[in-house]
Amino acid sequence: MAEKAKAKAKTGSRSKTGGQPEYVQLLTPEGDRVEHPEYSVSFTDDELRSLYRDLVTVRRLDAEATALQRQGELGLWAGLLGQEAAQVGAGRALRPQDMAFPTYREHGVLYTRGIDPIMPFGLFRGVDQGAWDPNEFKFNMYTIVIGAQTLHAAGYAMGIQNDGAVGDDNGEAVIAFFGDGASSQGDVNESMVFAAAYNSPIVFFCQNNQYAISEPVARQTRVPLYQRAQGFGFPGIRVDGNDVLAVYAVTKAAMDNARRGNGPTMIEAYTYRMAPHTTSDDPTRYRQSAEVEEWKAKDPIARLGAYLNNQGLADETFLADVEKQAGVEAVSLRERVLSLPNPAPESMFDHVYAGGSHHLDAQRAEFVAYEATFEGGAH
Amino acid sequence: MAEKAKAKAKTGSRSKTGGQPEYVQLLTPEGDRVEHPEYSVSFTDDELRSLYRDLVTVRRLDAEATALQRQGELGLWAGLLGQEAAQVGAGRALRPQDMAFPTYREHGVLYTRGIDPIMPFGLFRGVDQGAWDPNEFKFNMYTIVIGAQTLHAAGYAMGIQNDGAVGDDNGEAVIAFFGDGASSQGDVNESMVFAAAYNSPIVFFCQNNQYAISEPVARQTRVPLYQRAQGFGFPGIRVDGNDVLAVYAVTKAAMDNARRGNGPTMIEAYTYRMAPHTTSDDPTRYRQSAEVEEWKAKDPIARLGAYLNNQGLADETFLADVEKQAGVEAVSLRERVLSLPNPAPESMFDHVYAGGSHHLDAQRAEFVAYEATFEGGAH
Amino acid sequence: MAAETLTLAKALNNGLRKAMEDDPKVVLMGEDIGKLGGVFRITDGLQKDFGENRVIDTPLAESGIVGTAIGLAIRGYRPVVEIQFDGFVYPAYDQIVSQLAKMHYRSRGKLKLPVVIRIPFGGGIGAVEHHSESPEAYFAHTAGLKVVSCSNPADAYWMIQEAIASDDPIVFMEPKRRYYEKASVDLSVKPGSLFTSAVLREGSDATIVAYGPMVKVALESAAAAEEDGRSIEVIDMRSLSPVDYAPIFASVRKTGRLVVVHEASKNLGIGAEVSARVTEECFYSLEAPVQRVTGYDIPYPASRVEEEFLPDLDRVLDAVDKSFGW
Amino acid sequence: MAAETLTLAKALNNGLRKAMEDDPKVVLMGEDIGKLGGVFRITDGLQKDFGENRVIDTPLAESGIVGTAIGLAIRGYRPVVEIQFDGFVYPAYDQIVSQLAKMHYRSRGKLKLPVVIRIPFGGGIGAVEHHSESPEAYFAHTAGLKVVSCSNPADAYWMIQEAIASDDPIVFMEPKRRYYEKASVDLSVKPGSLFTSAVLREGSDATIVAYGPMVKVALESAAAAEEDGRSIEVIDMRSLSPVDYAPIFASVRKTGRLVVVHEASKNLGIGAEVSARVTEECFYSLEAPVQRVTGYDIPYPASRVEEEFLPDLDRVLDAVDKSFGW
Ligand SMILES: Cc1ncc(C[n+]2csc(CCOP(=O)(O)OP(=O)(O)O)c2C)c(N)n1
Ligand SMILES: Cc1ncc(C[n+]2csc(CCOP(=O)(O)OP(=O)(O)O)c2C)c(N)n1
Ligand SMILES: [Mg+2]
Ligand SMILES: [Mg+2]
C-alpha cells in the first residue's frame, strides 16, 4: 500500500534539479531559457530589464533593512534574501484589481505593487503595527500569526464572488502568501476547504524556502507541498521559485484562471531562505553552510543577469545604473526610516474601537492626567 | 488547468454505485459476493453469523436508545441507523491492543470491542460526561467537539512509536473516527500533518454519512474525501460503508499496515445516516424522503442477511434467535439505563483536579453548608 | 407597526431580517443556518428569502468561519456569524482575539471590522457537554472586542440590529434557555444605545446586577424579596464590555449593597470586575462587600446536576441575606 | 551541589533536564526546541542529550501540538509543551480549555492529564505584535487548569519540576523579559509546594501583590517607598489559579492597603479577582479600595510606547500614594 503515497511527478513539467521533484522552470540556474509545454512568457527587453531592476532593488532594500536592524534602528527584520524571484515574479503577475494577503516577509511583493517600501518599516521599528489600509493598496497588512491571513484571503475571495466581480479577464482575484511551515496550520487547511467549497477566485502561494525557522520542510510534510491542493480538489503546481520568469508565468496563469471563475490553485515556489529567519535568528545552529553554498549557485538574480548578458540586454551602463538607483532608493529609505516619528504615548489609546468606548476614554484621561504629573511630561 | 482537479478513480477498486466514485466492495446491496483484486475476507460461517448478530444487535440497541430519549429518559441520542456496517466492520477489524478514538456516534464500534453498551448512556442521560477510562477499554471517551479527538489519536500513535510498540504483526495501532463534516476542521487536517510527519501507526476512519447535521458533504468538499490523504502523503481509500465485509477487509489491512510501521492510511466509509442527526434534529427540513428510500435499498443488514440466506447460513431459528437475543440485550440495557443513579449534587466538585485544590475544597464546603440549610436537603 | 408577542428567538430572527433588508452588505454565516435555519431556528426562513449568498452555510470549521468573515469585512461586507453553541467557539479563538479584535487597532483605524459573532450561551437546557457554557469573560477581557448580551425579546430585537450596525466587532451572547420565552416586542421601535445598562426595577435596599439568562432570576428574586419587605433594584448590564457603570454606581450609592449574578464560573467571571470596579468607585457607600452568585469553579457539570450549579432564586436571596447580615 | 548563579532561562533549562532525568516519560514538544534549543534557548542542549523522541520538534501547528500532547498523556507520557510566544497560544485554545482542562473531570478522575504548557509571556522586550502578551487570565478563568508563573531563577528551577510532576494540566507562564536576569540557584533544593504565594519582603504599611515579570517592579517600588518612610510588604503570587490567598489576606489585615500589579489588561485581569476576593474577605480591614496597576484595556501597543503601557515603579508608587490618600 505504501507506494500509493509516492510522489507523482506533475504532468507537463520537465526540469529536474538535484534530485528534487520536478517543477516548472523557464530559466536554468546558468541563465539558459528552457521551454515548457504549458507555461511561457513573452516579455519585451525592457520588461526583462525592469524585472532585473526589481530583483536587485528589493535585495538592496532588504540589505539596508538588515543593516538598520543591526544598528539598532529596527527591532527586528524578516529578510527575503534568496526569495526575490518568488516575490517579484508573483507580484508582477498581479493585476491592479487583485488583492494580496502577505505574511511578514513579502517586501518584494509589496515593492512590485508600486507601494512605497517604507510601508512595513513602522512595524519593524516598533512605531506602529503595520498601519495601512489594505483596500487602498490592495495589499493586506502583514500578518504575523502563521496562516491566519489565508482565511482572510479566502473570505475576501468569497466577497469578490458575491460582488459578481469574477468571470472574465477583468475579474478580480486574490493571492494568499504563506510559508512551508504555515502549511501545517489548521487555518491554512481550512482556507483551502473554504476556497474549494465556494470555488473562490484565490491563489495559494506557498514560498517553500525550506525552513520554518530551524525546522526543515520535512518536519511539515513528506510529500511535495503543492500536492496538498489535490486533496482539497483543486490543482497544485510547483515552480522553481528562484526563476522569476517561471514564477511569473505560473502565477499569472493561476490568477487569470481564478479571475475567470475557474477557482483556486495552489502554487509552491521552491526556493531558499539565504539569510537567517529574522535578525534574531542564528541559522548556524541548524544548517550547514554547504547547503547555503549549494543554493547560492541557484541565485535568482545571478541567473536573470546571466540571461540578460547572454542576450546582450544588459551592458555595463545598465548594470551600473541598476546598482546606483537601488542604492539611491536604499539611502532614501534609510533616511525616511530614521525619521519615522515615535508615536505619542497617549496615541496608544486611539483606534481600539471605531465607535469609541466611554470606558477607554476615561482610562485615557486618567493616563493623560497621570503623565502630566511629571515635570516636562517625561519620566 | 481545471482538469487537474478531476477526481481520479482509485486504482484497484472495481465496483460502482449510482454514479458515485468507485469504492471497495465485497458484497453488493443484493447480497452477492464480488471479488476485489486487493482486498478479501475469509470468514468462517460462524464468524459471518456473528457479524450479522452484531449488526442486528447494535441496530436494536440504537432503536432502544432512541425510544428512551423519546420517553424523556435521555437528554439526547445520536443514532447510528444505517452506519452499522461501517462501525461493526471497523470495530471487528481491530485487535485487542489497538486503541480507538470515537466521536459521539460510535456505539457500534464500542459494542464490537466487547464493551458494555451502557457505557455511553451516562453521557446522554446527563448523569455524567462519558466517564470511563480510555486505557481500560482501549476506547477513548466520546468527543463532542468536532475533530478534536483526531489529534489525541495522533498523539497516542506517537506514543506507541516512542514505546517501540510498532514494527511487526503484534504492533499496536490507533484508529481515529470522524465524520464527513469533521474533515473541514483544522484539527483533523493537523492530525494528518502530524501522522504523516512522524509516520505514525494510525488509521483515519471517516464515516461519510453524507451529512453534517443539515449540510450535505458537498458543502465540505468537492472531491471524494478519501483523496484528502494523498495531499498529506499517505494513502486514502474509499470503501462501501454499508458493506461490512469490505469495511472489515480494508480496515484490517490499514491497521496491520500501521502496526507494522508503514504509517497512516485514511479510510472513507461511504455510508448514509438513515435517522436524524440526533434526536433533536428534524431532517425533513433539509433532505427528501426519496433520498432516504434510495439508501434503504443499500441497507447494511439486509445485504448480509441476503448473503447468509443465499449461502444457507441463516435459517429461521438463527434469525429468530438473533432478534430475540438483541431484544433481551435491549431490555436489559433499558432497565439498567433507567436505574443509572443521579449524581450527588456535591459530586460535581469531584475530579476537577487530580491533585486537588484548596480553592475548590473551600467552594465545595460552602456549597455543602448552603445545601444543608434546606430542610430535608432538597429545594 | 403594533407590538407583537414574540419569543426571544423570533425577535432575533426579526432583527436579523430587518438588518438584512436595511443593508445589502449584511451577510449571515454559520453551520446549518440555511435550510435548517440554525439548530435554534434563529435564521429560520432567511436563506429562502435572501438567497445562499447572503445566508451562507459554511464548512464545519469555526476558525474558518470567523477568518473568512474577517476577509468579507475587509471586502466591505458586514458578516454576522453564528457559532452553533458556546462550547464550539474555541477553535475560532485566535481569529477572534488576535485577528478580529486587533485589526482596527493595527491599521490605526483605517480598517473597520463590523463583524458580529452570535453565541447561544449558558445552561439550564439539559444538554450534553460543551452545550451550556458561558465564555463571555474570555471575550470581555480582550481589548478590541465589545461584548453584549440580551435578556428579553424586546431588547433582542433592537440589540442585534445595533450590533450589526456597529463598526466594531461585537460578541453577541444569546441566552439560549430564554430563546422560547415570549414578550411583547414593538417592531417599530428605534434601536437604543447598545452599550447601556438598564434599571429594570427600582429599589432602595439592595442592588442586583445580572445579564442574559440570569436577569429573569434577578427579577424573580427581587419580587420574592419584596415579600420579605426588601426593596431591590435590578439592573440588566446588557453590555459586558464596555460596561455602563453609571447606573450601577448610582444604584449602589443609593442602596449600599450589591449582588452580581452570572452562570459563568466565579473566578475571573464578569462579577470579579464588577466587584472590583464598584469597590473602587463606591468604597464608602458599600455596607458589605459585593456578593457574587455564580457558577462554581468547575467545568460545566453533567446536566442532572446543572440546577445545583446554576444560580437560582434561593442562592440570590441567600446572597442578599449575606449582604444584609454583614 | 553548591548554589550556582544562573539566568532564569538556564534555571528552567536545568529544571527541565532534571525532570527528564528523573522520569523517562517526560517529553518536550514544540516548534524549534530541538537543534535550535527554542527561540529563547530554554531547551538548549536537551535534544542532543535526550534524543529526538524526547525533545520533539513539531510541525508548525499549535492546536496540533497540544492535541497530540493530550494523546501522549493518555498513552502515559508527561508532555511539556513550549508555545513559542504568548500570542501564538490561541490556535490551541480549544485543545487547552475544552480538551486538556476537562478530560480528567469528564472521566470522573480515571484519566490523568499531566501536561505542562510553557508560555513565555509579557512585554518589555521591544518586540513586534503578538510577542508581548499576557494571556494568563484566559487560563485562570478556566476550571480544570492550574496556572503558575515564576519570577526568579531559584523558583523557576523547582517550579518547572513541580509542574511536570503534577498530575494536573498546568499553564506555566515564564516572564520572558526576565529570562536573562541572574540569581543564585541551589540546584540541590527540594521543590517547594507549587501552589503557594510567597512573602518576599515584609512590611507594615501597605501590601503589593504581583507575579512573573512584575515582581521585580514590586520589589523596586517597595525599596523606593522605604526611602519615603513607607514599609511595604511584597507578595509573589506564583500560583494564579488556584491562588494561595492566606498570606495575602494576612498581609492586608495587617497593612489595610493593597496594590495589585500585572501587565495584562485591567478589565478582568488577575487583579480583578484579587480585588474582589480580598474585599470579600478583608472588608473591614481595608483602609482604601484595592488599587490595580495594570496594562491598559487596549491591544498590546507598538513597542515604542510599550514603556508607557507597562506598569513601572512610578505607577506603582502612584497607586500606593492613592491608597494612602483615600
Ligand atoms: C501561530 C504562530 N506560531 C508560531 C509563530 C512563530 N513563528 C514566526 S515565523 C515562524 C516560522 C514560519 O515558517 P514558514 O511558514 O515556513 O515561513 P518563513 O518564515 O519561512 O517565511 C514561526 C514558527 C507565529 N508567528 N505564529
Ligand atoms: C467544533 C464543533 N462545532 C460544531 C459542533 C456541532 N455539531 C455537532 S455534530 C455536527 C455535525 C458533524 O458532522 P459529521 O462530522 O459529518 O459527523 P456526523 O454527525 O454526521 O456523524 C455539528 C456541526 C460541534 N460538536 N463541534
Ligand atoms: Mg519557510
Ligand atoms: Mg456526517
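In what follows, chains are A, B, ... by sequence order, proteins preceding strands, each numbered from 1. Side chains included, hydrogens not; waters and symmetry mates left out as well; all remaining heavy atoms used.
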**Student:** Quick check: closest heavy atoms across A:Glu190 and B:Gln185, and the distance to 0.1 Å?
**Tutor:**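 Nearest pair, atom of A:Glu190 first, then B:Gln185: OE2-C, 3.6 Å.
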**Student:** Could you check if a side-chain atom of A:Asn189 sits within less than 4.5 angstrom of a side-chain atom of B:Met192, using non-hydrogen atoms only?
**Tutor:**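 No. Closest side-chain heavy atoms not under 4.5 Å.
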**Student:** Which one wins on heavy-atom pair count under 4.5 Å against chain A: B:Ala197, B:Gly186, B:Gly231?
**Tutor:**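 Most pairs with chain A among the choices: B:Gly231.
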**Student:** Please state whether the side chain, the backbone, both or neither of B:Gln220 comes within less than 4.5 Å of a heavy atom of chain A.
**Tutor:**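 B:Gln220 touches chain A through backbone heavy atoms alone.
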**Student:** If you look at every heavy atom in A:Arg222 and B:Gly233, which pair is closest and at what distance?
**Tutor:**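 Smallest heavy-atom distance, with atoms named: NE-O, 2.9 Å.
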**Student:** With rounding to the nearest 0.5 Å, note down the distance linking CZ in B:Arg228 to CZ in A:Arg228.
**Tutor:**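 B:Arg228 CZ to A:Arg228 CZ: 10.0 Å, rounded to 0.5 Å.
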